Amino acid sequence: MDETRIVSGNKVPSSLAQVGITMKYTLLDYIRSRRFYIMLTIAIVISVILTFVVGYYRPASFLATDLSFYSGWWGNIATYVIVLSGIFFGGDAISGEFQNKTGYFGIPNPIRRSSIYIGKWLSALIASTIILGVFAAITVGNGLYYFPSVPSEFGLSLLFAWFYLMAVLGFTFFFSSLFKSSSMSILVTAILFLFAFNIIQLFVANFAQVEPWFILTYGAQIIGNILKVPYPPPTSVGNISPGGNGPTLTMYNVTVPEGLAIIGLYFIITAALGLVLFERKEFT
Amino acid sequence: MGNEPIIEVKNLTKTFNDFVAVDSISFDVRKGEIFGLLGPNGAGKTTTLRMLSTLARPTKGTATIGGYDIVENDTEVRKLVGIVSEKMIMYNRLTARENLWFFGSLFNIPKKVLTKRIDELLELVQLTKWKNAQVGRFSTGMRQRMNVIRALLNMPRVLFLDEPTLGLDPQSSVEIRDFIIKLNQENDTTIIITTHMMVEADLLCDRIGIMDHAKIVALDTSTNLKKMISGADTTILKLEIGNLSPNIIEAIRTCKCTDAVSQENSTHLRIIAHGDEAFDSVVDAVRAKNGKINSMENLQPTLEDVFLHITGHQVRDSVEQKVPMEPHGPSAQQKRRIR
């Protein structure tokens, strides 16, 4: 028995190694979870429905060009897959440690809380990337059936989607650190991403006539916009009534630099705030 | 067991808004000692352990483990301690072996040694054949055994056990207790155990701190604690009264000689009384209310009696009294005695 005490000698692995250990086992836990398979099923079901609709109805909006295909398929759906993955894997990543008491397992060890936080965040990123990867692979598979090659813009869109996923996970981890109840953190994150952000964006842009640069979902428009040729202008004015005599609506389109800045800032700020909250939280 | 203290606690306090969970407690624990914190639910035992294991920060006061301050040097403290809590949950979708690897990898234990250690510990608690099963499928007893061996992987110098046998069947409880004694004797591991089970504290602990309403109200060896009430002046009586009623209990309580009364069941009372006339006074009080005494025993004191003597109530009574209703301190303790 003394052998362990002697060899460990009160030393602990580096913070980076601890991040790796936490990531490895949390990822194993995620991949064996029911929610991982539910999320995978959702991504596959969406893909199957799209495959059927596009194959059967052959909509011109999808099949006009390769870019219109990827814009219609990937550009419209990817953000929802990302948000759902973020909620599924990040929504209770930290709050679950308090609610399920698994935090008692890790926290009293000589491990930095930041190592736990980053390790869990990375495992959520990998699990979500697998889901997004499956959806992207089915998209490309269908795309190659109709068109001979994959446009380079899709590669960029994929990259932007991954950045967006990082920001969404930063955000979900922040809310997960804020609440001790898993259901509360999941609910708040879901409401924000699926309803609140879109509604705020709509009102701010159309009624206050202000560019909604402070909304994460606005920044995420670059995922779909990059697949449009030409890239949509920063602002455009549309008329609500068919005759053109009614009230007008101002449409804002985020540029790529703006979108990347919004996504980057959201990621940095929310991830840092989440970490600060987690560091200060007590197990009582 | 040496005299050198490995844990020193001074005026440790924890408050949650206005609620005082731990109220300025001080004690020390010697190297190699099994030290018990005994008290009802809500007495502050678990909060004390959480502060010492760095899970919660003290509001006031200090504590050191192995010379390291629990707030200033929390990482160093964590290297020295292991904690087993009844509330601890492992990762259900990881196997027993994976959970142990996860924990063990956080220490600087070489893979070979860790593999050997995990196998030894699984064997010790008879979980070897379940090593590749997911922990989510384990029974409460199996999980608790896992919890204990998980905390032992790094051979901590100080082991905190928070109600280690709570919810376990008698056989598993005995196994865990035997294991705790073995660990202490073979490895000189200092063990701090919280329990509300008097027998467990009596069996395991070298010294016991009795906690009630956030304070340590007595601290000594089990023998010395019992001596507190086994002096010539104190009598512990167990009465069986066939027609036991609230009137009879009240009559006994109001006797001048009575220190504390607890009702064990519908016919039995346990009474701590003092003075030469104690026996006669209690019998007279029962008869005055037409009580029919079926049997009467003069008992040796137990830790339950010590607790009753000091606090004026039984351990189980206190479950419903989590929030203190009156100020603490020696004078308040005297007032709380049921007379």
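Computed from a predicted structure; not experimentally measured.
With a 4.5 angstrom heavy-atom cutoff, B:Asp74 does not touch chain A via any of its atoms. With a 4.5 angstrom heavy-atom cutoff, A:Ser33 touches chain B via backbone and side-chain atoms both. Looking at B:Thr47, neither its backbone nor its side chain comes within 4.5 Å of chain A, counting heavy atoms on both sides. For a residue to count as touching a neighbouring chain, one of its non-hydrogen atoms must lie under 4.5 Å from one of that chain's; by this rule B:Phe16 touches chain A with the side chain only.
Side-chain rings of A:Phe171 and A:Phe267 stay apart, their centers remaining 6.0 Å or farther from each other.
In this structure, B:Arg143 is not positioned above the aromatic face of B:Phe138 in the sense of NZ or CZ being under 6.0 Å from the six-membered ring centre and within 45° of the axis. Judged by the 6.0 Å distance and 45° axis criteria, A:Lys281 is positioned over the aromatic ring of A:Phe98.
A:Asp29 CG to A:Lys24 NZ: the interatomic distance, rounded to the nearest 0.5 Å, is 14.0 Å.
With chain A as the partner, the residue from B:Met51, B:Lys14, B:Gln134 showing the most heavy-atom pairs under 4.5 Å is B:Lys14.
With hydrogens and angles left out, the side-chain atoms of A:Ser176 and A:Asp92 include no donor and acceptor closer than 3.5 Å.
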